[in-house]
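Values reported hereafter were calculated over all heavy atoms of this structure, with side chains retained and with hydrogens, waters and symmetry mates removed.
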Amino acid sequence: MGCAQGKCCLPRPPGRGSGGGRGPGGHGGAALGRADVPGAGLVLEYATLAVAGLYPDSPGRESQDAHLVATRFAGDPDLHLFAVFDGHGAAGAACAGFAREALPRLLAAAAGAGSLAADPAAAFREAMMGANAEMHAAAGVDDSMSGTTAVAALVAGGALHVANVGDSRAVAGVWRAGRVIAEDLSWDQTPFRADERARVKACGARVMSVEQVEGMRDPESEGWVPDEGDPPRVWARDGLYPGTAFTRSLGDLAAEAVGVIAEPEVKSVEITPAHLFFVVASDGVFEFLSSQEVVDMVAMYQDPRDACSAIAAESYKLWLEHENRTDDITIIIVHIRDSENSGPAGSDKVDFGSTGASIAVHTIQSEIPVFVPSEASHLNRCAATEIQSSSSGSPTERSLSCVVPSPTHPLLAHGRISDASKPVQSEQAASQRVQSWHQVHSGTELERPVQRSIPPASC
């Protein structure tokens with residue numbers, strides 16, 4: 001949810017278009033892994049994929065995304081951590097890399113002290129805010145006008161805990177009423193949200209788009225529409241900074257004075273037999289694809305690597321249809337399988353009437369109206385309707401058919417879904433995407449943690 005300069009305060013550049021049609025092929029393949037969750041009788045099969053953005057004006061620009069997969073986290077076979085960091089600003093790559101090192105180290109310390117198991121929301125809060133304080137104090141990272149989003153999903157036995165700061169996203173695919181439904185595990189923290197807008201305004205921020213700042217639109221109007229013009233941004237009362245299109249992040253020291261905070265929202269859910277998979281991805285994926293569209297695409301493929309490639313290729317294509325560049329794209333897909341069943345958890349059921357009981361939702365400012373998940377769903381639908389149809393098959397067209405797994409998916413392999421409920425165009429669409437692109441750049445490995453002694457952050 002940012003501008004062409006990477007969520008900074010500059011307006012989008014002129015001359016949007018196809019960007020020359022150059023694609024991301026030939027950058028390597030998605031990585032595949034597997035981890036047991038013995039305490040819950042589950043197996044996680046996961047794939048990761050990172051694709052550097054296309055920036056015609058900066059051909060040598062490095063990717064500012066980072067991600068991590070830490071199985072048997074903190075030495076516990078039932079703990080598995082998956083996270084994505086999307087850097088922004090001149091030092092965005094350094095900020096994302098720093099957060100990628102600091103967050104698991106601080107969470108591991110919480111696990112060792114027992115606080116992660118006792119109160120996951122509080123542990124995530126302390127870890128993310130601690131990483132933010134360390135970043136401010138780090139001599140080698142200038143986060144005065146740079147930072148990173150962070151979304152982390154922790155499988156803890158039969159529970160899934162997701163902490164989010166910024167506008168990257170986590171979403172689960174849940175089997176319900178004969179189809180796979182998207183269940184948002186995080187909510188984008190942007191000025192589009194009324195509660196976040198009220199919170200930063202209470203800290204002295206102005207919330208306006210670039211057009212409003214430049215006097216081209218009524219500065220008091222709040223009629224912003226996703227994917228139409230520049231988004232609402234956070235500005236200092238008397239300055240043209242920081243101009244962030246998000247309301248929470250790690251780093252962004254100058255933005256903290258106007259309410260851009262590092263405190264995460266944390267959602268915890270019980271993993272039920274209906275939970276088939278979850279996705280953790282940067283907004284390079286979700287800028288033009290809704291949660292449901294991403295879930296539909298994951299459900300088309302038995303191998304999560306194929307789903308990663310298809311989603312990245314579709315995201316890349318949509319960026320070039322709307323802009324003259326693409327954002328960095330990072331995806332983690334985790335299939336949740338029953339250890340006693342070759343198919344995913346829930347493959348022996350045609351329907352499952354619930355999306356899983358919510359264990360807890362950790363909200364931040366109690367005096368601010370609580371954000372309702374349905375608002376996020378509305379924004380996703382608005383974003384989806386803006387995507388124009390194309391001859392190659394648009395996400396809008398695909399969403400009508402890809403509502404159950406493909407014919408090769410284990411759900412169908414077990415013969416539990418009737419032919420009447422199968423998507424008519426699944427095989428053809430899958431074939432097109434398999435041919436479109438399967439080789440993209442993979443991410444780096446988790447580095448060895450570096451111990452630091454930094455005083456705690458102050459509000």
May I ask you to test the [X]-[Y] pair for a side-chain heavy-atom distance under 4.5 Å?
| X | Y | answer |
| --- | --- | --- |
| Arg248 | Met128 | no |
| Arg125 | Glu263 | yes |
| Asn132 | Val165 | no |
| Tyr55 | Asp327 | yes |
| Leu103 | Phe85 | yes |
| Val155 | Ile336 | no |
| Asp167 | Phe286 | no |
| Asp184 | Arg169 | yes |

Is a donor on one side and an acceptor on the other found under 3.5 Å between the side chain of [X] and the backbone of [Y]?
| X | Y | answer |
| --- | --- | --- |
| Thr190 | Ala245 | no |
| Ser339 | Gly41 | yes |
| Arg199 | Gly259 | yes |
| Glu196 | Asp188 | no |
| Gln64 | Gly89 | yes |
| Thr149 | Ser249 | no |
| Arg197 | Pro191 | yes |
| Trp175 | Leu276 | no |
| Lys267 | Asn164 | no |
| Ser115 | Ala123 | no |

*Stepwise, does the side-chain contact (heavy atoms from CB on, under 4.5 Å) test hold for Glu323 with Glu287?*
CA-CA 11 Å; Glu323 301 281 356; Glu287 182 77 9; 5.8 Å; no

Gap separating the [atom1] atom of [X] from the [atom2] atom of [Y], nearest 0.5 angstrom:
| X | Y | atom1 | atom2 | result |
| --- | --- | --- | --- | --- |
| His161 | Leu107 | NE2 | CG | 11.0 Å |
| Ile311 | Glu293 | CD1 | CD | 11.0 Å |
| Phe278 | Ile271 | CZ | CD1 | 7.0 Å |
| Trp187 | Asp195 | CH2 | CG | 10.5 Å |
| Glu270 | Leu160 | CD | CG | 11.5 Å |
| Phe82 | Thr48 | CZ | OG1 | 10.0 Å |

*Between Phe288 and His322, does the ring centroid distance fall short of 6.0 Å?*
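Ring centroids of Phe288 and His322 are less than 6.0 Å from each other.
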
_Test side-chain contact (heavy atoms from CB on, under 4.5 Å) applied to Leu154 and Phe124, step by step_ = CA-CA 10 Å; Leu154 177 70; Phe124 263 118; 4.0 Å; yes

*Stepwise, does the side-chain contact (heavy atoms from CB on, under 4.5 Å) test hold for Val285 with Glu314?*
CA-CA 9 Å; Val285 169; Glu314 182 73 2; over 6 Å; no

_Asp76: which residues meet the side-chain hydrogen bond (donor to acceptor under 3.5 Å, both in side chains) condition with it, sequence neighbours left out?_
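Scan of Asp76 (side-chain hydrogen bond (donor to acceptor under 3.5 Å, both in side chains), adjacent residues dropped) gives none.
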
Between [X] and [Y]: side-chain donor-acceptor atoms closer than 3.5 Å:
| X | Y | result |
| --- | --- | --- |
| Thr330 | Asp65 | yes |
| Thr247 | Arg193 | no |
| His80 | Thr71 | no |

Kindly give the heavy-atom pair with the smallest separation between [X] and [Y], and that separation in Å.
| X | Y | value |
| --- | --- | --- |
| Gly284 | Ser315 | O-CB, 3.8 Å |
| Pro232 | Phe192 | CD-CZ, 3.5 Å |
| Leu81 | Ala152 | CD1-CB, 4.2 Å |
| Thr326 | Leu54 | OG1-N, 2.8 Å |
| Pro242 | Val234 | CD-O, 3.4 Å |
| Ala40 | Gly158 | CB-N, 3.7 Å |

*For the side chain to side chain contact (heavy atoms under 4.5 Å, CB included) test, which of Val298, Ile332, Leu32, Ile331 pairs with Pro304?*
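It is Leu32, the one option of Val298, Ile332, Leu32, Ile331 that forms the side chain to side chain contact (heavy atoms under 4.5 Å, CB included) with Pro304.
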
*asked:* Classify the ring geometry of His88 against Phe246: parallel below 30°, tilted from 30° to 60°, perpendicular beyond 60°.
replied: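 If you compare the ring of His88 with that of Phe246, the planes turn out tilted.
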
*Between Val43 and Arg34, does a side-chain contact (heavy atoms from CB on, under 4.5 Å) hold up when you go through it step by step?*
CA-CA 7 Å; Val43 173; Arg34 176 186 171 95; 3.4 Å; yes

